[in-house]
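As structure tokens, the structure follows; a few thoughts come after it.
Keep in mind it's a predicted model, so treat the numbers as computed, not measured.
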Amino acid sequence: MEKKAAGRQGIEQVAVHMVKAILCAYIVTGIMLLVLTLLLYKMGLSEQNVNAGIILTYVISTFSGGFVAGKLMKRRKFLWGLLLGVLYFVLLLVISIGVYHSLDGEMVNLLSTFALCAGGGMLGGMVS
């Protein structure tokens, strides 16, 4: 019985750490998108520059979230960072489906976004 309670507490702690890390990633996303919006407004960026900024936002956000996840978990940091990147992508996908009611993109774009998010999170976890 005592072992189950300790296991449950461990799972709850992991969940809290992952929520903190994903929250960090989305706060960084919000800040970076705000900066990108200001740059678009002030400098009239091209569509290609905006797309590059969005890609950079994905990578930096998941990197920061993976870094936080790795610091909080202390073991198998790259796996926790990878998990964070995957969760970030899934949440991004769910929000997109909720807003647009469809997946309005090519499968190649979805796969590359998944790879960027997973890779950024894993790299952040490895660096932590």
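- Separation of atoms CG (Leu79) and CE (Met126) is listed at 11.0 Å; rounding is to 0.5 Å.
- For the atom pair Thr62 OG1 and Ile22 CD1, the distance stands at 10.0 Å (nearest 0.5 Å).
- At least one side-chain heavy atom of Leu93 sits under 4.5 Å from a side-chain heavy atom of Leu110.
- In terms of heavy-atom proximity, Ser64 sits nearest to Ala25 at OG-CA, 4.2 Å.
- Residues Met107 and Ile97 share a hydrophobic cluster, clusters being chains of Ile/Leu/Val/Met/Phe/Trp/Tyr side chains in contact below 4.5 Å.
- Linking Ile, Leu, Val, Met, Phe, Trp and Tyr residues whenever their side-chain heavy atoms come within less than 4.5 Å leaves Val108 and Leu116 in two separate clusters.
- Using a 4.5 Å heavy-atom cutoff, the side chains of Leu36 and Leu45 are in contact.
- Aromatic ring centres of Tyr26 and Tyr88: separated by under 6.0 Å.
- Looking at Trp80 and Arg75, their side chains never come closer than 4.5 Å, going by heavy atoms from C-beta outward.
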Can you list the steps and then say if Thr29 with Tyr58 is a side-chain contact (heavy atoms from CB on, under 4.5 Å)? CA-CA 7 Å; Thr29 299; Tyr58 290 153; over 6 Å; no

For side-chain contact (heavy atoms from CB on, under 4.5 Å), just list the numbers for Phe67 and Leu123, CA-CA rounded to whole Å, side-chain angles, deciding distance to a tenth of an Å, and then say yes or no. CA-CA 8 Å; Phe67 186 84; Leu123 186 62; over 6 Å; no

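- Residues Ile54 and Met43 are members of one and the same hydrophobic cluster, defined by side-chain heavy-atom contacts under 4.5 angstrom among Ile, Leu, Val, Met, Phe, Trp and Tyr.
- Side-chain contact check for Met73 versus His17: some heavy-atom pair is nearer than 4.5 Å.
- For the atom pair CG (Leu72) and NZ (Lys20), the distance works out to 6.5 Å, reported to the nearest 0.5 Å.
- Leu84 and Leu23 are not part of a single hydrophobic cluster, where members link through side-chain heavy atoms under 4.5 Å apart.
- One finds the NZ atom of Lys71 at 6.0 Å from the OG atom of Ser128 (value rounded to the nearest 0.5 Å).
- A chain of hydrophobic side-chain contacts below 4.5 Å, direct or via other Ile, Leu, Val, Met, Phe, Trp or Tyr residues, connects Leu83 to Leu91.
- Checking Val35, Val28, Leu34 one by one against Met32, the side chain to side chain contact (heavy atoms under 4.5 Å, CB included) holds for a single residue, Val28.
- Here Thr113 contributes atom OG1 and Leu92 contributes atom CG; the two are 7.5 Å apart, rounded to the nearest 0.5 Å.
- Going from atom SG of Cys117 over to atom CG of Leu82 covers 11.0 Å, rounded to the nearest 0.5 Å.
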